[in-house]
Colleague: 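Sharing a structure below in structure tokens format, with a few things to ask.
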Protein chains: 2
Amino acid sequence: MANEDQRADLLWGSRNKPARPPRLALTVDRIAGAAIEVADAEGMASVSMQQVAARLDVTKMALYRHVASKAELVAVMIESAVGEPPNLRTVPGGWRPRLVTWADLMRETWQRHPWLPAATTGERMTGPREVGWTESAVAALTDTGLDGGERMDAVFLLSGHIRNTQSAETAGTQPWTAEKHLREILQEHRERFPALHEAAQSTNGAPRDNGWEFGLNRILDGLEVLIKGRRPNRAR
Amino acid sequence: MANEDQRADLLWGSRNKPARPPRLALTVDRIAGAAIEVADAEGMASVSMQQVAARLDVTKMALYRHVASKAELVAVMIESAVGEPPNLRTVPGGWRPRLVTWADLMRETWQRHPWLPAATTGERMTGPREVGWTESAVAALTDTGLDGGERMDAVFLLSGHIRNTQSAETAGTQPWTAEKHLREILQEHRERFPALHEAAQSTNGAPRDNGWEFGLNRILDGLEVLIKGRRPNRAR
DNA sequence: TCGATCTGTGTCTATCGTACACCTTGTGTC
DNA sequence: GACACAAGGTGTACGATAGACACAGATCGA
């Protein structure tokens, strides 16, 4: 009986709207994918269990069958979004071009998923891919004469710069990056902030990259000073 | 009658527990102060209208008589916590010692209020004191030959480093700063992350400052390279 | 065919920011 | 001195959040 109904449905139109839609099984990957879609489109703040569930046409509680908590979901999102860490051993020219390549790749990834900076803060679970990216960068500094702590500090410095420049979160941190609103305030109180006002004047029209190139070059120059000083014989 | 009761209270014990406690008037400053206390003690995540109100022995809705929104409250907290920006003109030795002084002062402030990094992210209202700190640093770079954009990028780079190293938020960003838990994972998968593992080995026991000194010196060295190249004649 | 095991649903609670209708209380005016 | 009014604090309500827990339907092995 029910069987016959189903057949009739199949014959007369249920192909477009099946009685029981052959819903794809919920999996961690599908959930993470939906969450990433939400985050890409509307930002990390919109990633709630309900939003993600709605996108999968499912109850929010269903997600908890596959994911222990929202924190775990975010962790899976991150691992999925960062992708496989790069292999820099094929990049010629030593540590500096390798770090530049690494930074560019990381920047690309973070631009593709602007929510990554916001998601990768605070105490959280860290996945193998994320650690792999760090491994890549630390490995690029192997022959530099820097000790372990210095190598890790250098990578932290560099990735921190990427975070700061890429993050929509920290973008509003400095007066000149913010809205016109703040520019107006600066204009209005220019006698109170003369150096800022003057600096802002002499930079109008310049293509702003949030200080990305500038900071990257400063950091690498600073590392180079240290590294050259560390192995004075084979310098260059 | 009621009057007599009150008098009796006054005579016989109400001095310790007055019938109507002479509650301090609610003011923006008192609210911000209470909020800062909560944030200092329990972190930014615990700063809710109810928590703050409870500390003042008042309903959460009472706060809205003095503050338009939570965002505004946070803005006032920040302005109050950062304090007056420093005057660096008295610091001798040129731009570099001035920036070091500025960075140290900023670091002190942020250590006193560990929630500041978390609070000063994202789109938000910026107050005059906060802008004043930036003004200080930009002013320190006046005679360096850097153009306006470069001066601002340099300050952004430096303050970003402070944010990254001071922030409890980004502290867990790198594998080695995190809990033993992650250290164990690193130990367990050491064949997968050889460079990280080796670097972690050769740094054990070293006093960790989250890369603060290292990054500061690299950034300043990098700036020095640029500045010296910018004014080759009066180099020093 | 009959359980057992998955997997998704529905209902519930606590907490969040905040809107809105009160009520109380101190103050200025007639 | 009575009274109206405004300022400031209270109580209730709403929608959104994360998540606990009991249940229902399907699927699969014995």
Side-chain angles (χ1 to χ4, degrees), chain A residues 1-3 5-6 9 18-35 38-39 41-77 115 118-119 121-125, chain B residues 2-3 5-6 18-35 38-39 42-78 115 118-119 121-125:
Chain A
M1 183 69 162
N3 217 333
D5 278 0
Q6 214 172 333
D9 279 346
R20 175 158 51 89
R23 206 153 53 182
L24 283 175
L26 217 48
T27 63
V28 176
D29 284 340
R30 287 221 316 136
I31 294 174
V38 173
E42 304 168 54
M44 201 57 198
S46 295
V47 177
S48 69
M49 298 310 266
Q50 359 224 2
Q51 291 275 309
V52 174
R55 183 165 289 242
L56 295 167
D57 204 28
V58 130
T59 313
K60 65 174 175 169
M61 289 317 292
L63 307 183
Y64 285 99
R65 291 284 173 197
H66 305 267
V67 140
S69 65
K70 188 185 174 182
E72 191 175 295
L73 168 56
V74 173
V76 178
M77 286 174 69
W115 47 270
T121 53
E123 285 299 330
R124 65 183 208 287
M125 320 174 198
Chain B
N3 218 333
D5 279 359
Q6 213 171 333
R20 175 158 51 90
R23 207 152 55 182
L24 282 175
L26 217 47
T27 64
V28 176
D29 284 340
R30 287 220 317 135
I31 293 175
V38 173
E42 303 168 55
M44 202 58 198
S46 294
V47 178
S48 69
M49 299 309 267
Q50 359 221 7
Q51 291 276 309
V52 175
R55 183 165 289 243
L56 294 166
D57 204 29
V58 129
T59 312
K60 61 178 173 169
M61 290 317 294
L63 307 183
Y64 285 98
R65 293 282 174 197
H66 306 266
V67 139
S69 64
K70 189 186 174 183
E72 192 175 295
L73 168 56
V74 172
V76 178
M77 285 174 69
I78 295 170
W115 47 271
T121 54
E123 285 299 331
R124 65 184 209 287
M125 322 174 195

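In what follows, every chain begins at residue 1, and chains take the letters A, B, ... in the order their sequences are listed.
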Colleague: Does a side-chain heavy-atom distance below 4.5 Å link B:Leu56 with B:Leu63?
Modeller: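 Yes, their side chains come closer than 4.5 Å.
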Colleague: Using atom CZ of B:Arg65 as one end and atom P of C:dA21 as the other, report the distance to the nearest whole Å.
Modeller: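 Checked: the CZ to P distance equals 12 Å.
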Colleague: Under 3.5 Å, side chain of B:Arg30 to main-chain N/O of B:Ala25, donor-acceptor pair present?
Modeller: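 Yes; at least one donor-acceptor contact below 3.5 Å.
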Colleague: Rounded to the nearest 0.5 Å, how far does CD of A:Glu72 lie from CD1 of A:Ile31?
Modeller: 10.0 Å
Colleague: Is a side-chain N or O of A:Lys70 found less than 3.5 angstrom from the main chain of A:Val47, in a donor-acceptor match?
Modeller: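 Yes.
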Colleague: Taking atom CD of B:Gln51 and atom NZ of B:Lys60, what is their separation to the nearest 0.5 Å?
Modeller: 12.0 Å
Colleague: What is the separation between atom CG on B:Leu63 and atom P on D:dG9, rounded to the nearest whole Å?
Modeller: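 Checked: the CG to P distance equals 9 Å.
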Colleague: Quick one: which protein N/O atoms are closer than 3.5 Å to N/O atoms of nucleotides 16-19 of chain C? Pair and distance per line, please.
Modeller:
| from | atom 1 | to | atom 2 | distance (Å) |
| --- | --- | --- | --- | --- |
| C:dC16 | OP1 | B:Ser48 | OG | 3.2 |
| C:dC16 | OP2 | B:Gln50 | NE2 | 2.8 |
| C:dC16 | O5' | B:Gln50 | NE2 | 3.4 |
| C:dG17 | OP1 | B:Lys70 | NZ | 2.9 |
| C:dG17 | OP2 | B:Met49 | N | 3.0 |
| C:dT18 | OP2 | B:Tyr64 | OH | 3.1 |
| C:dT18 | OP2 | B:Lys70 | N | 2.9 |
| C:dT18 | O4 | B:Lys60 | NZ | 2.4 |

Colleague: If the cut-off is 4.0 Å, is B:His66 near the phosphate of D:dG9, judged by side-chain N/O to OP1 or OP2?
Modeller: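 Answer is yes, contact under 4.0 Å.
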